Amino acid sequence: MLPYIESRYKISNDRSLSGYSAGGSFVLYTMITHPSLFNAYFAFSPAAWYDDSVVVKEFKKNLFKLEGAPKFFYLSLGAKEPSIITRLV
């Protein structure tokens, strides 16, 4: 998708990805699996508990891959999120 957009429009190299709930989990997954695609990531109330918290486990396991690559990361959790979302894995 990005190559298509770049070929048709003049865009900067500043790219951000944002998502809510399942989209927030997608943000976490993309940040850890393809860290060079975006330089800013916004995850709002990610449904990271889904599938036995596999996204959180992968994120935690592979966080070291982001070392040295400047990123902006914003994670938002509401005060009334269920404990399955806020607990530590």
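From a predicted model like this one, the values you see are computed outputs, not experimental measurements.
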Q: May I ask whether Leu77 and Tyr74 are part of the same hydrophobic cluster, defined by side-chain heavy atoms of I, L, V, M, F, W, Y residues being less than 4.5 angstrom apart, directly or through others?
A: no
Q: Are any of the side-chain heavy atoms of Val56 and Pro46 separated by less than 4.5 Å?
A: no
Q: Where is the tightest heavy-atom contact between Leu28 and Ala43, given as atom of each residue plus distance?
A: CD2-CB, 4.2 Å
Q: Do Thr30 and Pro35 have side chains that get closer than 4.5 Å, going by heavy atoms?
A: no
Q: Name the orientation class of the two ring planes belonging to Tyr41 and Phe38 (parallel below 30°, tilted from 30 to 60°, perpendicular beyond 60°).
A: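 Plane angle over 60°, so perpendicular.
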Q: Kindly compute the distance separating NZ (Lys71) from OG (Ser16), expressed to the nearest 0.5 Å.
A: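 So the gap between those two atoms works out to 12.0 Å.
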Q: Do Tyr29 and Glu58 pass the side chain to side chain contact (heavy atoms under 4.5 Å, CB included) test, and can you show the C-alpha distance, the side-chain angles, and the key distance before you say yes or no?
A: CA-CA 8 Å; Tyr29 177 79; Glu58 285 300 310; 5.8 Å; no
Q: Donor-acceptor check, side chain of Lys57 to backbone of Asp52, threshold 3.5 angstrom: yes or no?
A: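 Checking the backbone N and O of Asp52 against the side chain of Lys57, a donor-acceptor pair under 3.5 Å is found.
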Q: Out of Phe72, Tyr20, Phe73, which one pairs with Phe42 under the side-chain contact (heavy atoms from CB on, under 4.5 Å) rule?
A: Phe72
Q: Between Ile5 and Ile11, is any pair of side-chain heavy atoms under 4.5 Å apart?
A: yes
Q: Taking Ser7 for its side chain and Tyr4 for its backbone only, find out whether a donor-acceptor pair lies under 3.5 Å.
A: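 Side chain of Ser7 to backbone of Tyr4, a donor-acceptor pair under 3.5 Å: yes, one is there.
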Q: Begin from the C-alpha positions of Asn39 and Asp14 and carry the test side chain to side chain contact (heavy atoms under 4.5 Å, CB included) through to its verdict.
A: CA-CA 7 Å; Asn39 53 4; Asp14 292 325; 3.5 Å; yes
Q: With hydrophobic residues grouped by side-chain heavy-atom distances under 4.5 Å, do Phe26 and Val54 end up in a single group?
A: yes
Q: Tell me whether Leu17 is reachable from Leu37 by hopping between hydrophobic residues (I, L, V, M, F, W, Y) whose side-chain heavy atoms are closer than 4.5 Å.
A: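 Yes, same cluster.
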Q: Ser25 side chain to Ala47 main-chain N or O, any donor-acceptor pair under 3.5 Å?
A: yes
